[in-house]
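In what follows, a single structure is set out as structure tokens and then discussed.
None of these values were measured; they are calculated from a predicted model.
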Amino acid sequence: MVVNLILYSFVWLILYYLLKIINSKYLVTANQRYNAITVIHAIYCTIFTLIYFLFFQSLTDYVAPQNQASTLFLTLAGSFYLFAVAIVFFIGRKIDWFGVVHHLVMALFISYFLYNSDLPIYYTFIAFFILPGIFYNSFLVYKEANGSNQETSELLFRLNAYAWLAFRIILFAVFVLYALYCEWLEINPRTIVHRPVLFPVLLTFCFFSSYYYVFIRRKLKLIEARKI
């Protein structure tokens, strides 16, 4: 499992360097390429979970175990966080240590899911809530581009704020309530032994979401203040 995570992290690394051969003003700097990879990661996680749980797996089947498809998905997602931790030390920017810790924690949690394949697959739906990263990291890519428009940059950030509130705060709160319902009222025998980890996963996700949303709201207020 650990070997697979490391091997797949090289897939993200190769993709990162392949972006260097693309002649685009949005992929000039190392930071732009890193954020472009993060956008790809967010799109991948969002689309996979949406399609999978809409057409192949009922989210209400809270006892269905992990399977080959979810294992592949989690391996790719987990390997991204290993890649993100490693690459941040080589792209020549100020290291965001809080972000590094965030990525390490996510990698550890995903590793736990991979190691315990009897865990229910509905927890994999957490990956859907990564969707706001599509807007935020697109904003980071765009604002560094030569000739970028200030209004477009602010629009991307505003869309990120709306998406963060809708998905990472409101919809995720609904998912947490659903998870608590499944675990405490319906009683899932597969997860009783894993609850000391499962609930910290939800709480940690809530913490990171709230922390970054405070940052987003502060920056959004600064943007709005400049327009007054």
Of all heavy-atom pairs between [X] and [Y], which one has the smallest distance, and what is that distance?
X	Y	value
Ala179	Tyr122	O-OH, 3.9 Å
Ser111	Leu5	OG-CD1, 3.2 Å
Ile216	Ala161	CG2-CB, 3.6 Å
Ala163	Leu131	CB-CD2, 4.3 Å
Ser9	Ser79	N-CB, 3.3 Å
Pro132	Asn160	O-OD1, 3.4 Å

Interatomic distance, [X] atom [atom1] to [Y] atom [atom2] [nearest 0.5 angstrom]:
X	Y	atom1	atom2	result
Arg33	Ile22	CZ	CD1	10.5 Å
Asn31	Asn137	CG	CG	9.5 Å
Leu27	Glu144	CG	CD	11.0 Å
Tyr44	Phe73	OH	CZ	5.5 Å
Leu198	Glu183	CG	CD	6.0 Å
Thr124	Leu74	OG1	CG	4.5 Å

### Query
Parallel, tilted or perpendicular: which fits the ring planes of His41 and Trp12, with parallel below 30° and perpendicular above 60°?
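Plane angle over 60°, so perpendicular.
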### Parallel, tilted or perpendicular: rings of Trp184 and Phe199 (30°, 60°)
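Phe199 vs Trp184 ring planes: parallel.
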[Y] side chain reached by [X] side chain, heavy atoms, under 4.5 Å:
X	Y	answer
Asn146	Val28	no
Ile43	Ile40	no
Tyr81	Leu104	no
Asn35	Tyr136	no

### Ring centers of Phe128, Phe167 separated by less than 6.0 Å
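Aromatic pair counts; centres sit under 6.0 Å.
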### Query
Hey, would you say the Tyr112 and His194 ring centroids sit under 6.0 Å apart?
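Yes.
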Okay, side chain of [X], backbone of [Y]: is any donor-acceptor separation there less than 3.5 Å?
X	Y	answer
Trp164	Ser209	yes
Gln32	Val141	yes
Ser138	Ile134	yes
Asn149	Thr152	yes
Thr38	Tyr34	yes

Hydrophobic cluster membership, with links at side-chain heavy-atom distances under 4.5 Å among I/L/V/M/F/W/Y: are [X] and [Y] in one?
X	Y	result
Tyr17	Leu82	yes
Leu108	Val88	no
Leu155	Phe135	yes
Tyr213	Val101	yes
Phe215	Phe205	yes

### Query
Does NZ or CZ of Arg168 lie under 6.0 Å from the centre of the six-membered ring of Phe129, at an angle within 45° of the ring axis?
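No, cation not above the ring by the 6.0 Å, 45° rule.
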### Query
What residues, two or more places apart in sequence or in another chain, satisfy side-chain contact (heavy atoms from CB on, under 4.5 Å) together with Val176?
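Val176 satisfies side-chain contact (heavy atoms from CB on, under 4.5 Å) with Phe172, Leu180, Leu202, Cys206 only.
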### Query
If you count the non-hydrogen atoms of other residues, nucleotides and ligands that lie under 6.0 Å from NZ in Lys25, is the total more than 12?
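Yes, NZ of Lys25 has more than 12 neighbouring heavy atoms, counting only those of other groups under 6.0 Å.
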Which atom pairs, one a donor and one an acceptor, fall under 3.5 Å between side chains of residues 48-61 and the rest of the protein, sequence neighbours left out?
{"unit_1": "Thr49", "atom_1": "OG1", "unit_2": "Cys45", "atom_2": "O", "d": "2.8"}
{"unit_1": "Thr49", "atom_1": "OG1", "unit_2": "Thr46", "atom_2": "O", "d": "3.0"}
{"unit_1": "Tyr52", "atom_1": "OH", "unit_2": "Asn67", "atom_2": "ND2", "d": "2.6"}
{"unit_1": "Ser58", "atom_1": "OG", "unit_2": "Thr60", "atom_2": "N", "d": "3.2"}
{"unit_1": "Ser58", "atom_1": "OG", "unit_2": "Thr60", "atom_2": "OG1", "d": "2.6"}

#### Entry: Residue from Phe139, Tyr142, Tyr162 passing ring-ring contact (aromatic ring centres under 6.0 Å, His included) with Phe157
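Exactly one pass, corresponding to Phe139.
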### Message
Would Phe207 and Leu203 count as a side chain to side chain contact (heavy atoms under 4.5 Å, CB included) here? Give the steps.
### Response
CA-CA 6 Å; Phe207 168 73; Leu203 289 174; over 6 Å; no
### Query
Stepwise, does the side chain to side chain contact (heavy atoms under 4.5 Å, CB included) test hold for Phe83 with Tyr16?
CA-CA 10 Å; Phe83 154 79; Tyr16 170 80; 4.0 Å; yes
### Task
Determine which pairs satisfy side chain to side chain donor-acceptor pair (under 3.5 Å) with at least one residue from residues 169-181, sequence neighbours left out, and list them in order.
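Found Tyr181-Glu186.
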